Amino acid sequence: MSGGGRAITVLNVAEKPSVAKSVATLLSRGQGIRVREGRSRYNKIFEFDYSIRGQHCRMLVTSVTGHLMELDFEDRFRKWHSCDPADLYAAPVRKFVPQDKLDIKRTLEEEARRCQWLVLWLDCDREGENIAFEVINICTVANRNLTIKRARFSALIEREIHDSVQNLIEPNQWFADAVDARQEIDLRIGASFTRFQTMLLRDAFVIDSAADDRNLVLSYGPCQFPTLGFVVERFWEIQSHEPEEFWTINCSHKSEEGIATFNWARGHLFDYTCAVIIYEMCVEEPSATVTRVRQQEKFKYPPHPLSTIELEKRASRYFRMSSEHTMKVAEELYQAGFISYPRTETDNFSARTDLHAIAQEQQGHPVWGSYAQRLLDPSSGLWRNPSNGGHDDKAHPPIHPTKFSGGETNWSQDHHRLYELVVRHFLACVSQPAIGAETTVEIDIAGEQFAATGRVIIAKNYLDVYRFESWGGSVIPTYVPGQQFIPTTLTLDSGVTRPPPLLSEADLLNCMDKAGIGTDATMHDHIKKLLDRFYATKDQNMRLSPTNLGEALVMGYDDMGYKLWKPNLRSMMEFDMRAVSEGAKTKAEVLETCLQQMKACFLDARSNKQKLMEAMAVFFERAARTARDEQHVVGEFVRLCGLCHQSNMVLKRNRDGNFMVGCLGFPQCRNVVWLPGSVSEAVVTANICNSCSPGPVYMIQFKFRRLEIPPNYSVDHLGCIGGCDDTLQQLTEICGTGSRMSARGGGPTPLSSSAQRSNSRQQACSNCRQLGHSSTDCPSVISGTRNSRSRRADQQDGGLSISCNTCGASCPLRTANTSNNKGRKFYSCQSEGCNFFVWEDSLQNGGGRHGANGGASNSGTRSNSLGGRGRGGRGANNAANGTFVSATGDPVTGRCYVCGDPSHFANVCPNRFT
DNA sequence: GCAAGGTC
């Protein structure tokens with residue numbers, strides 16, 4: 001201890017008890033340290049002697065537990081009916097110490113009175129700076145003569161803490177101001193909108209949530225609403241998805257060395273005819289030539305060091321733990337000293353962290369101890385300094401194990417799992433990446449390109465310890481350029497585009513993280529709030545769907561044209577907060593402009609409250625209504641769902657007011673029939689369709705908007721959604737459906753071929769777009785009188801026609817009106833029962849325009865041979881009885897597409913020209 | 001009874 005002068009007493013205050021203990025232990029080096037109780041049982045006081053720049057000090061180190069103060073309206077504005085919610089934008093607010101923090105306040109006051117200095121050891125972020133000023137407020141009231149200093153530190157490491165106390169700085173008012181502004185804006189917006197929408201809607205509708213209606217709070221918050229927005233947006237995306245059938249050619253080759261599966265370079269085509277033409281070319285000349293063999297070394301890298309969000313996402317993915325539960329368990333492991341502080345944004349270890357020492361501790365573990373030993377053995381070459389994830393909160397290191405445990409007796413399964421994850425993650429991120437050798441073989445069949453990839457794992461490295469990740473190896477036979485072979489299978493397979501899945505908790509955390517919604521310590525709270533408020537539910541796969549209540553609220557604000565449910569508001573606020581923390585704007589400036597804007601927005605929203613009411617009315621019964629009206633609210637029964645066979649299909653209006661018939665089993669069952677966008681009224685009648693099965697299918701009385709349908713259609717129409725109704729189908733093609741995304745110009749999203757394979761079981765019919773059957777057994781083809789293709793065309797072109805190659809009847813030239821082929825000309829046979837169909841451009845130039853993935857380079861001869869063969873379009877599919885269409889997407893043996901015989905291809909089929 | 005942010 002360096003001497004000099006009289007000793008002063010220094011009050012040191014940290015943000016939490018653990019930091020107070022660390023700071024005291026590091027500064028005192030464990031020498032002469034005394035611990036005594038404060039008034040709060042959690043916040044001890046550590047005492048020892050120290051010297052700051054030659055000044056002899058008696059150090060007292062204690063802590064708060066986060067914020068000491070809260071912000072709220074003055075009492076007279078706290079009762080909900082005490083004022084107009086709009087007044088909350090100007091109502092006086094006050095900061096006060098809540099009841100449960102009074103004992104900490106008292107400790108600070110008492111200790112401050114006998115101190116000369118106050119040193120603030122709060123976390124070095126904006127919130128920490130704000131808490132520092134709360135502490136300053138309390139302490140300076142008790143002792144006006146305090147000298148106030150701030151310690152700046154980025155890690156609880158001995159050298160860092162000593163440096164910090166020898167180089168004390170001033171507290172940063174700008175940082176604290178930014179938080180003050182944030183708090184006030186959050187409070188005023190949150191309270192005003194929450195009171196407004198709760199009082200407006202709670203009594204107007206029968207909201208069938210688990211809470212007692214009287215106690216139900218329909219809260220609004222600048223974090224919880226955008227979080228809900230993400231969930232609803234994904235839900236709408238799924239709801240509006242219209243499946244689209246596509247086609248792909250798969251090729252495999254088996255030899256003594258094994259099997260190689262070749263993927264088509266075009267991926268997939270949405271145009272069946274094009275696909276079948278190309279397929280036929282390949283089948284006619286099936287010999288494959290190896291054009292290129294490429295070998296590359298590939299690495300799979302271990303994860304970055306573990307931050308809170310990554311811990312939550314990974315625990316959700318690997319163990320199906322909710323983020324809220326994960327944080328609870330992590331907090332307990334931290335309290336017991338097994339892992340480091342669990343609320344951290346940092347995913348980069350400081351150069352001063354002794355990573356080897358952390359790994360050394362794990363050497364004795366029965367399961368991963370041997371890996372830790374190998375890692376620490378320099379001759380293994382396994383060690384690698386961890387990568388830098390690029391985030392640093394300047395307060396805490398990445399989450400890592402701090403104490404060895406072989407498992408404690410009082411741990412639950414989740415404690416074991418989480419500790420194991422933290423340890424394995426740490427060991428993984430100081431390990432070498434996995435190394436693989438990848439071989440890509442490209443082949444050419446009749447001008448079409450295919451490629452197969454094989455991978456051999458050369459070294460698993462970090463994957464040996466990180467059992468949560470895997471990297472598949474697949475051996476393919478050896479090929480050399482120029483080599484020729486006949487494929488073992490060559491199949492034309494169908495698939496259907498699929499909507500994205502519901503948001504998982506990990507997905508949602510990702511969205512929030514990217515949009516800056518919440519902090520690492522609060523994101524899980526916002527997700528839990530959605531569940532607590534009955535805005536969303538979570539299924540057993542950790543996937544989130546909005547409830548009717550959640551969807552209605554978002555829909556209501558969206559209909560007003562406000563993006564209050566989008567993350568933009570929070571981003572704007574965050575931008576302003578940054579300006580305050582940098583001194584570019586003052587707190588008062590930001591408060592004034594932001595609150596002025598928000599108040600205008602609030603008043604406007606209130607004047608548009610009808611939109612909220614209408615959105616709620618889509619889902620909920622009006623409180624005054626009788627039970628008899630209930631079916632109008634949930635939807636009127638139309639038929640039993642033909643897909644899931646469990647739930648009813650009901651007539652409903654979607655969020656844009658458009659009509660649809662959807663399965664009540666949604667989202668488990670996604671069967672939906674979108675009705676033409678031109679429908680203005682629709683009522684289910686007692687009439688039962690006598691051609692659609694399984695029945696009964698109740699018919700619907702439609703009224704169409706005159707200006708939105710062609711003149712030759714009637715405004716009133718008694719229709720059936722079972723597939724028998726030509727008028728309805730034509731109007732759907734002409735007017736489009738009322739699906740949300742199509743209304744907004746979005747389109748279906750094609751999925752990758754792997755997704756297609758796993759999902760193709762639930763393919764949609766390409767004729768009528770309904771789920772539950774394929775085009776080969778589509779009721780609209782079976783019961784209809786005309787080729788399904790011509791049903792989808794709406795225009796006949798100037799009397800041009802050709803003779804049908806199949807039956808000789810006349811095939812008029814028409815113009816397609818489908819989304820993929822709008823405006824494209826085709827000939828189709830008029831004769832009943834004949835399916836002949838051919839694109840005009842394929843007759844003229846032997847190919848030309850093709851599906852979504854670009855054109856083919858086939859010759860005129862080949863495409864004419866399609867016509868000459870007399871089996872166009874769907875006819876070929878029917879003739880082959882679905883043989884080359886793999887309904888399951890599973891690999892099927894190559895077979896002749898004409899007769900279905902697996903022993904030969906079509907080019908040698910005896911029935912080919914019959 | 002309302003927000004979001006600390007933390008026990």
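Since we're looking at a predicted model, the values are computed, not measured. In what follows, chains are A, B, ... by sequence order, proteins preceding strands, each numbered from 1.
Checked against a 6.0 Å centroid threshold, the rings of Phe602(A) and Tyr220(A) do not count as neighbours. For Phe338(A) and His415(A), the gap between ring centers reaches or exceeds 6.0 Å.
Phosphate contact (OP1/OP2 of dG1(B), side-chain N/O of Ser219(A), threshold under 4.0 Å): absent. Residue Thr198(A) places no side-chain N or O under 4.0 Å from the OP1 or OP2 atom of dG1(B). OP1 or OP2 of dG5(B) lies within a sub-4.0 Å distance of a side-chain N or O belonging to His526(A). Here Thr522(A) does not reach the OP1 or OP2 of dA4(B): none of its side-chain N or O atoms lies under 4.0 Å away. Residue Arg126(A) places none of its side-chain N or O atoms closer than 4.0 Å to OP1 or OP2 of dA4(B). At the phosphate of dG5(B), OP1 or OP2 sits under 4.0 Å from a side-chain N or O atom of Arg570(A). At the phosphate of dT7(B), OP1 or OP2 sits under 4.0 Å from a side-chain N or O atom of Arg343(A). The side chain of Gln183(A) places no N or O atom within less than 4.0 Å of a non-bridging phosphate oxygen (OP1 or OP2) of dA3(B). For Tyr334(A) and dT7(B), the shortest distance from a side-chain N or O to OP1 or OP2 is not below 4.0 Å. For the OP1/OP2 pair of dC2(B) and a distance below 4.0 Å, the side-chain nitrogens and oxygens of Arg533(A) include at least one atom meeting the criterion. Applying the 4.0 Å criterion to OP1 and OP2 of dA3(B), one finds that Lys529(A) has a side-chain N or O inside that range.
Contacts of Arg188(A) with the nucleic acid, taken as non-hydrogen atoms under 4.0 Å apart, are absent. Within 4.0 Å (heavy atoms only), Lys328(A) reaches no atom of the nucleic acid at all. Residue-level contact check: Phe193(A) touches neither bases nor backbone, having no heavy atom under 4.0 Å from any strand. Using a 4.0 Å heavy-atom distance criterion, Pro85(A) is classed as making no nucleic acid contact. Counting non-hydrogen atoms under 4.0 angstrom, Gly128(A) reaches nothing in the nucleic acid. At a threshold of 4.0 angstrom between heavy atoms, the contacts of Thr519(A) are confined to the sugar-phosphate backbone, with no base atom among them. Contact annotation for Leu71(A): base contact, defined as any heavy-atom pair under 4.0 Å involving a base atom.
Here the C1' atom of nucleotide dC2(B) and the CG atom of Asp532(A) are 15 Å apart, to the nearest Å. Atoms CD1 (Ile131(A)) and C1' (dA4(B)) sit 13 Å apart, rounded to a whole Å. As a whole-Å value, the separation of Tyr89(A) OH from dA3(B) C1' is 11 Å. In this structure, Phe77(A) places its CZ atom 18 Å from P of dG1(B), rounding to the nearest Å. Arg39(A) places its CZ atom 22 Å from the P atom of dC8(B), with the value rounded to the nearest Å. Rounding to whole angstrom units, NE2 of residue His524(A) and P of dT7(B) are separated by 11 Å. Separating the CZ atom of Arg195(A) from the P atom of dG1(B) is a distance of 11 Å, rounded to the nearest angstrom. At whole-Å resolution of the value, CE in Met598(A) and P in dC2(B) are 19 Å apart.
The cationic atom of Arg578(A) (NZ for Lys, CZ for Arg) does not lie both less than 6.0 Å from the six-membered ring centre of Phe575(A) and within 45° of the ring axis.
The Arg202(A) side chain lies nearest to dG1(B) when the options are dG1(B), dG5(B), dA3(B). Comparing dA3(B), dT7(B), dC2(B) by their closest approach to the side chain of Pro222(A) singles out dA3(B). Minimum atom distance to the side chain of Tyr341(A) is reached by dT7(B), of the listed dG6(B), dT7(B), dG1(B).
Both thresholds, 5.5 Å between centres and 30° between ring planes, are met by Trp80(A) relative to the base of dG1(B), so the two rings are stacked.
A salt bridge between Lys313(A) and Asp507(A) is absent, with no side-chain N of the basic residue lying under 4.0 Å from a carboxylate O of the acidic one. Ion pairing between a basic and an acidic side chain is recognised when a charged N comes within 4.0 Å of a carboxylate O; Glu110(A) and Arg106(A) show no such pairing.
For a distance-only test at 3.5 Å, the side chain of Asp72(A) qualifies as a donor-acceptor partner of the base of dC2(B).
DNA chain B is contacted by both Ala191(A) and Lys16(A); Ala191(A) maps to the nucleotide lying nearer its 5′ end (nearest heavy atom per residue). For Pro17(A) and Met199(A), each mapped to the nucleotide of DNA chain B holding its nearest heavy atom, the one lying further toward the 5' end belongs to Met199(A).
Sorted by first then second residue, the salt bridge (Lys or Arg N to Asp or Glu O under 4.0 Å) pairs that include residues 16-25 of chain A, not counting sequence neighbours, are Lys16(A)-Asp123(A). For residues 174-187 of chain A, the set of pairs meeting the salt bridge (Lys or Arg N to Asp or Glu O under 4.0 Å) definition, not counting sequence neighbours, comprises Lys95(A)-Asp180(A), Glu127(A)-Arg182(A), Asp180(A)-Lys587(A), Arg182(A)-Asp186(A), Glu184(A)-Arg188(A), Asp186(A)-Arg570(A).
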